[in-house]
Each structure stands twice: as C-alpha cells, then as structure tokens.
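The structure appears below as structure tokens.
The sequence lines fix the lettering, A, B, ..., with proteins before strands; numbering per chain opens at 1. Just so we're clear, the structure is a prediction, and the values are computed from it rather than from any experiment. The analysis underlying the following values was restricted to heavy atoms, covering all of them including side chains, and did not include hydrogens, waters or symmetry mates.
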Amino acid sequence: QQQVKQSPQSLIVQKGGISIINCAYENTAFDYFPWYQQFPGKGPALLIAIRPDVSEKKEGRFTISFNKSAKQFSLHIMDSQPGDSATYFCAASMESGANNLFFGTGTRLTVIP
Amino acid sequence: DTGVSQDPRHKITKRGQNVTFRCDPISEHNRLYWYRQTLGQGPEFLTYFQNEAQLEKSRLLSDRFSAERPKGSFSTLEIQRTEQGDSAMYLCASSLASGPQYFGPGTRLTVL
C-alpha cells in the first residue's frame, strides 16, 4: 500500500514556467514532509521540507504548499530551468523526521528551453 | 567532501553469491538508514540505526539481508545468496536524531 501518492508521473514545462507536483497522504501521524531531487545515477538530494504547523514554505525558486485538512502538499518550482530537469520525490515521516521516510513514486520533470 | 559516502558504487554479481556494501555517514550524525530503490520507483525503507543499535527493520529485509553498525560509525549491508530480484540501487542516508536525512550516492547492484 502506497503511503504517499504522487502525481503527475511525468511533467514537461517550458523554460521560465511553473512546475507543480502534487502529493497526498492518509496517515495523520505524519508530521514531516520533505521533497528530494534526484538526477540519474545519483542519490536523492534534499530540496526543501515542511512541518504541518505552517501552510507554506519558500526557499528560493522552490515553494511547498501544505493543506493539512486535505492531507495534501505540493511543490512549486518557479522560473523553471533546464537544470531543474530531474526526478522529484515527495516523502513523509513521523516523529518530526526521526523515523523512516515513506516516498512517493516520483515525478520526472523535463524543462525544455 | 563531508557528505555520506558509499562503497562500491557498482556491483555485478552472479545469483547465489554474497555481497556486502559499506556506508560512511556524515561524521556527527548518529542515525543511519538503508533504503532500496528499484527503477522508476521511490526509495523504500529497509532498516535504521541509532548509534550502534538497530532500531527498526522493514518486512522487506528478508533473512538473507543483514545490516550492522558495530561502532556507531560506518555501516555494512550484506545480502546472502543473492537473487535477481535483489537488483536495485541501495541507498544509505544519515541524520541527527530529529534532523533531515541526507543520502549518499548509492550502490547499484546487478545480479546476473
């Protein structure tokens, strides 16, 4: 059973556009929600993370929006660049991240010039 | 480079052989995690350590898999009697007690 559901599976965006990736979860015990970026042949790299006491967190061009009542969260990449082309994973964890991460199935983002 | 390191980066083995992977975490991190990632999927949790104690194991970790962290620093993951279904990327991550997890580059295992 997939604990975190992620969509879309793939996404193509023009350079300068906004990329939006969505995730949903069921387990209300989750209290830490990170996003990871992964390039082919590399390990996942932490991008940004949020806890449920805030509805939005922004770091540079990356923003997480969090809707606790809907049990959904999303990643927005503003001014998308070809270098952002990678696979993005949302994840969720309990105990403020001290526990294991449950990952979504990933979104392959392609930013075309 | 003070990030998480893993060795080897690639391993090709024949079915039935034993393999061992090593992970060196970020030096001050007391938590160490192992995940497995198959093609086109997100990482799946296998096990984690706090210092030298193995605190949790996933049901994915069959009795052919064993992990150790003898001195609370580096960790090893051994797979005995490898099967073709074990082919995957094995990822290690480390963290402080309640901090974000940082991943290593992974070990790509191919079982022929």
Side-chain angles (χ1 to χ4, degrees), chain A residues 1-11 21-25 27 29-51 53 57 59 62 64 75 86-109, chain B residues 1 3-10 21 23-26 29-51 53-61 67 88-110:
Chain A
Q1 182 184 358
Q2 192 71 31
Q3 296 253 12
V4 180
K5 296 181 180 178
Q6 183 172 348
S7 63
Q9 189 173 5
S10 62
L11 181 61
I21 304 170
N22 301 298
C23 286
Y25 64 97
N27 190 340
F30 288 146
D31 61 4
Y32 175 72
F33 303 89
W35 285 88
Y36 285 84
Q37 178 190 58
Q38 187 175 32
F39 293 102
K42 306 290 186 183
L46 180 66
L47 264 181
I48 185 172
I50 197 168
R51 300 184 192 279
D53 52 343
K57 183 174 181 180
E59 290 184 1
F62 300 94
I64 299 179
L75 176 69
T87 300
Y88 292 80
F89 292 96
C90 60
S93 175
M94 292 176 269
E95 299 180 23
S96 299
N99 215 318
N100 55 288
L101 293 166
F102 293 90
F103 282 85
T105 50
T107 296
R108 178 176 285 187
L109 171 65
Chain B
D1 187 342
V4 178
S5 62
Q6 292 187 246
D7 184 72
R9 295 292 310 278
H10 304 274
F21 310 139
C23 171
D24 286 89
I26 294 170
H29 285 183
N30 55 358
R31 290 213 170 193
L32 187 148
Y33 306 78
W34 285 99
Y35 292 82
R36 180 173 70 185
Q37 185 177 26
T38 54
L39 207 59
Q41 299 297 314
E44 296 175 292
F45 169 75
L46 293 177
T47 187
Y48 86 88
F49 294 83
Q50 174 149 317
N51 301 313
Q54 189 172 16
L55 295 187
E56 188 173 342
K57 292 192 287 188
S58 161
R59 58 180 173 79
L60 291 176
L61 209 68
M89 174 81 88
Y90 289 84
L91 294 162
C92 176
S94 72
S95 74
L96 294 170
S98 60
Q101 295 180 29
Y102 296 94
F103 282 81
T107 295
R108 168 74 65 189
L109 173 66
T110 302

Query raised in the report: Counting heavy-atom pairs under 4.5 Å to chain B, which of A:Gln38, A:Gln2, A:Arg108 comes out on top?
Result: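 Of the candidates given, the most pairs with chain B belong to A:Gln38.
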
Query raised in the report: B:Tyr35 side chain to A:Leu101 main-chain N or O, any donor-acceptor pair under 3.5 Å?
Result: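 Side chain of B:Tyr35 to backbone of A:Leu101, a donor-acceptor pair under 3.5 Å: yes, one is there.
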
Query raised in the report: Taking atom CD of A:Gln9 as the centre, does the number of heavy atoms from other residues, nucleotides or ligands within less than 6.0 Å exceed 12?
Result: no

Query raised in the report: So which of B:Pro43, B:Pro105, B:Gly42 has the biggest tally of heavy-atom pairs under 4.5 Å with chain A?
Result: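 Heavy-atom pairs under 4.5 Å are most numerous for B:Pro43.
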
**Report entry** Which portion of A:Pro34 sits near chain B, non-hydrogen atoms under 4.5 angstrom
**Finding:** neither

Query raised in the report: A:Phe102 versus chain B, heavy atoms under 4.5 Å apart: side chain, backbone, both or neither?
Result: neither

Query raised in the report: Of the backbone (N, CA, C, O) and the side chain (C-beta and beyond), which part of B:Gln37 lies under 4.5 Å from a heavy atom of chain A, both, or neither?
Result: side chain

Report task. Counting only heavy atoms closer than 4.5 Å, note whether B:Gln6 contacts chain A via side chain, backbone, both or neither. Result ->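 Neither part; nothing is under 4.5 Å.
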
Report summary line: The reported gap from CG in A:Asn100 to CZ in B:Arg31 (rounded to nearest 0.5 angstrom) is 10.0 Å

Query raised in the report: Would B:Gln101 and A:Tyr32 count as a side chain to side chain contact (heavy atoms under 4.5 Å, CB included) if you check the C-alpha gap in whole Å, the side-chain angles of each, and the deciding distance to 0.1 Å?
Result: CA-CA 11 Å; B:Gln101 295 180 29; A:Tyr32 175 72; over 6 Å; no

